[in-house]
Amino acid sequence: MTLEGYTQQRVNIHLDTEKIDISTIHEDFCTKWIGGYGFGAKVLWDELKLDIDPFSPDNILVWAIGPYPTTIIPTSSKYGLFAKSPQTGLFGMSISSGSIAQQARRAGHNMIVFYGKAEEPVFIMFDDDDINIIPCKELDLWGKGCWEADEILKEHYNDSRLSVAAIGPAGEKLSRMGCVTNDRNRQAGRTGMGGVMGSKNLKALCFRGTKSVKIAYPKEFYEKAKELIKRSIGTATTKYRENGTPNGLASYNDMGMLANYNFREGYWKDIDILNGQYLNDHYVVKTCGCSQCTIACDHLARVPNDHPDWAGTVASMDIENIYSMGCDCGHSDWPAIMKGIEICDTLGMDGISAGATVAFAMECFEKGIITKKDLGYDLSFGNYKSMIRILEEMGNRSSKIGDILADGSRAAAEKLGGDAMKYSMQVKGLEFPMYEIHGMSSFAVGASVSIRGACHLRNGAYGLDAKGKFDRFGYEKPLERGKAIKKTEDEYCLIDSLIVCKFTRGIYENNQEYCDMYKYVSGYEMTTEQFLNNGEAIHNLAKCFNIREGATKADDYPPERFFTEPPTIGPAKGVTLDKKGYTSILEGYYEARGWTKEGIPTDETLKRLGLDFVIGKLPGGKK
Amino acid sequence: MPRHEFIVVDPDLCIGCEICESVCSFVHEGVFNPLLSRIKRVRIEPIVNIALSCQKCEDPDCVNACPQKALEKDEKTGSIKVNEDKCTGCAFCIRACPFGAISLSTESGIVLICDLCESTEYDEPQCIELCPREAISLKSVDQIGDENRIDAVKRLLSEMLEESK
């Protein structure tokens, strides 16, 4: 059997010895683990030593794509990074778009695995099959921001279309929320993959590929691809195209789901300013697409020329960063949000975690845990100028408090002591996205069972609450809810393995269409049952990774605030999560997954999913 | 005689998604590879996006520059035809083209120039059909001049237009 689409080439790079091994990924591996997320999960399960420090040379960093980059399947130019996360200590993963995946695909690489730590800071150039590890000092690259590093490398290689994924000062200085930036506005943001690159002395990956991509069934493919492209610019994506992701600000706020004041509230008072339409009317200057993206959710906004502080700043506006660096910090100042995003993207920090960590610090300031004496300035909610200041200090680790906050709110709370942990709004160490979950009983579970910590992208369970599939203030039908969460989670595993963008999930009529496209590209025919089974297996393997690292049921609960301190305004006023009810949905989800009441996959489940190799290796699992 | 139409891309609409490049190589060469595309996306950060292809110049510099006389402007369509037997891949045409609209195939070593999909099985340029923003169109210089004139008059005489309503 030959597979098209995949290059099936795996590159192992041993950074300490500079040894590079090339091997072929077996067809069966490709069709079982699909790509991206699946590849990352399998390699980390197979090869990562237990209990290692995520910043030690023992950590393994996996870069992977699926079969689609360079084809015209909408949003198909995506890559993933996988390693043990320095932020959660568990399975780390982050996915980014832009141009990287398609250049790397043409260079011939399907998966690149980084081992060890380089002796000095390096960057790596993948020029088709030619792979060179080059000291950063040759270009004075170490210490540079992500955007500047990108420009230096493009100029050095005399190629305006060179694809560069780089870390900034935050990653270099081992920020546990360090991210990887590529194509200026695209980030592999979450779980600290930039910090892992920094710990390996790895500043940047550059890709240039010239090889052509053949697919298995060109005629059928072209017909279907045209249809998908047409659908991708239809009603399924209108909101992403017109106002971009900020479109959700007003609609989620209407339901009391827009987190603000560090998750004390879910209804934002100044929504007449902080909404997608206002942003579009006043600040957006351009919408941009990633390679092969028909949607162009990327809304670029510009701080006006007459602004006293940040004139001319251009930033990519996403709802998550607007929440984290806007209303969660208690303000609606658009230019400050743009500046905050620029700082995160250039210094290389995850915008969600960075903003949410500032909101945490603001609450600590309010409670006297962090003082003006510690900081040298006021850090009250709403003080957006101080938000900018502390973000810069975090990215550069240039002040005492900035240094403490640079590792995210959980690590900071441990250092600050006292009641600080009460104000750290995270699960498993990863800060929440924008959904305020007091009145979201299904998504409270969905976000908390997420493999990588609080996240809206591992399953779409927020939709169950937002669309009223179940009573979002109640707890009935726990097993049905569990099944619904499982269903979207398994599908998202496949989306993250193929890899395509979740914004195109509405353009496929059913799973058969995913299988058809997979066949037209790769030549391999897969039934929808097999397809979903693979998705479920990928999720279970990542879950088993977490269990092996010591994660327990307690790690699948959100912070106490959601059970004890209700919002004071809006539709969720007076509402808290009920712990007994929450646990019933959590256990309903475990049951739907074929796991024990403690959330451990049973041997029967593992066998059903072809994960026999896991049996006997889980603490607390049935031997 | 009506003037020839060529590919025009509106930078206000173009999102820089590169689908035009991918589909161009696919319908001409049967593979996906932007390096084999006859239309090229240009992005200048942070906000400029456009794509460029052959402008079908009246007196084409590329044709004049070719030492092998391998290029010829087709009288009927206005497209620049490449005689594959004569083209040596010397790239003088690439150096002469003021728009950077010609490229050298990484596979055949012969230059690639937009032919509005005339050499393919499709009747219409496929970049136009697949562009997700309808940013690509076929226009002649006369049409472009006409549109620009109307735009300019609308700007200059906005008050009068308002009054006439």
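Below, all heavy atoms of this structure are taken into account, side chains as well, without hydrogens, waters or symmetry copies. Naming: A, B, ... by sequence-line order, numbering from 1 per chain.
- No donor-acceptor contact under 3.5 angstrom links the side chains of A/D345 and A/T181, judged on distance only.
- With a 4.5 angstrom heavy-atom cutoff, B/I47 touches chain A via backbone and side-chain atoms both.
- A donor-acceptor contact closer than 3.5 angstrom links the side chains of A/Y79 and A/N182.
- Chain A forms the most heavy-atom pairs under 4.5 Å with one residue out of B/G16, B/C131, B/S25, B/P34, and that residue is B/P34.
- Your options are B/R41, B/E107, B/E129, and the one with the most heavy-atom pairs under 4.5 Å with chain A is B/R41.
- Interface residue A/I72: backbone and side-chain heavy atoms are both found under 4.5 Å from chain B.
- Of all the listed residues (A/D183, A/T210, A/V213), the one sharing the greatest number of non-hydrogen pairs under 4.5 Å with chain B is A/V213.
- Defined by atom type and a distance below 3.5 Å, a donor-acceptor pair is present between the side-chain atoms of A/S97 and A/K78.
- Contact of A/Q102 with chain B is made through the side chain alone, with heavy-atom distances under 4.5 Å.
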Between A/D318 and A/R186, is the salt bridge (charged side-chain N to carboxylate O under 4.0 Å, His left out) condition met? List the steps. CA-CA 11 Å; A/D318 175 67; A/R186 303 269 66 86; over 6 Å; no
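- Residue contact with chain A, scored on non-hydrogen atoms closer than 4.5 Å, involves the backbone and the side chain of B/L130 alike.
- The aromatic rings of B/F32 and B/F26 lie parallel to each other, with less than 30° between the two planes, well short of the 60° mark.
- Ranked by heavy-atom pairs under 4.5 Å with chain B, the first of A/R302, A/R105, A/R241 is A/R241.
- For a residue to count as touching a neighbouring chain, one of its non-hydrogen atoms must lie under 4.5 Å from one of that chain's; by this rule B/V27 touches chain A with the side chain only.
- Judged by the 6.0 Å and 45° rule, B/K139 forms no cation-pi pair with B/F6.
- Counting heavy-atom pairs closer than 4.5 Å to chain B, the top residue among A/S291, A/S316, A/S232, A/A296 is A/S291.
- Contact annotation for A/C288: both backbone and side-chain heavy atoms come within less than 4.5 Å of a heavy atom of chain B.
- Under 3.5 Å, the side chains of A/Q292 and B/S22 contain a donor-acceptor pair of N or O atoms.
- Between B/E75 and B/K81 there is no salt bridge, since none of the side-chain N atoms of the basic residue sits less than 4.0 Å from a carboxylate O of the acidic one.
- At a cut-off of 3.5 Å, with distance as the only test, no side-chain donor of A/S96 or A/Q187 sits close to an acceptor on the other residue.
- Contact count versus chain B (heavy atoms, under 4.5 Å) is highest, among A/V314, A/D298, A/V285, for A/V314.
- For chain B, the nearby part of A/R161 is the side chain; its heavy atoms alone come within less than 4.5 Å.
- Looking at A/K230, only its side chain comes within 4.5 Å of chain B, counting heavy atoms on both sides.
- When heavy atoms are compared at a cutoff of 4.5 Å, A/I295 approaches chain B solely by way of its backbone atoms N, CA, C and O.
- Using a 3.5 Å distance cut-off with no hydrogens or angles, the side chains of B/K56 and B/S79 do pair a donor with an acceptor.
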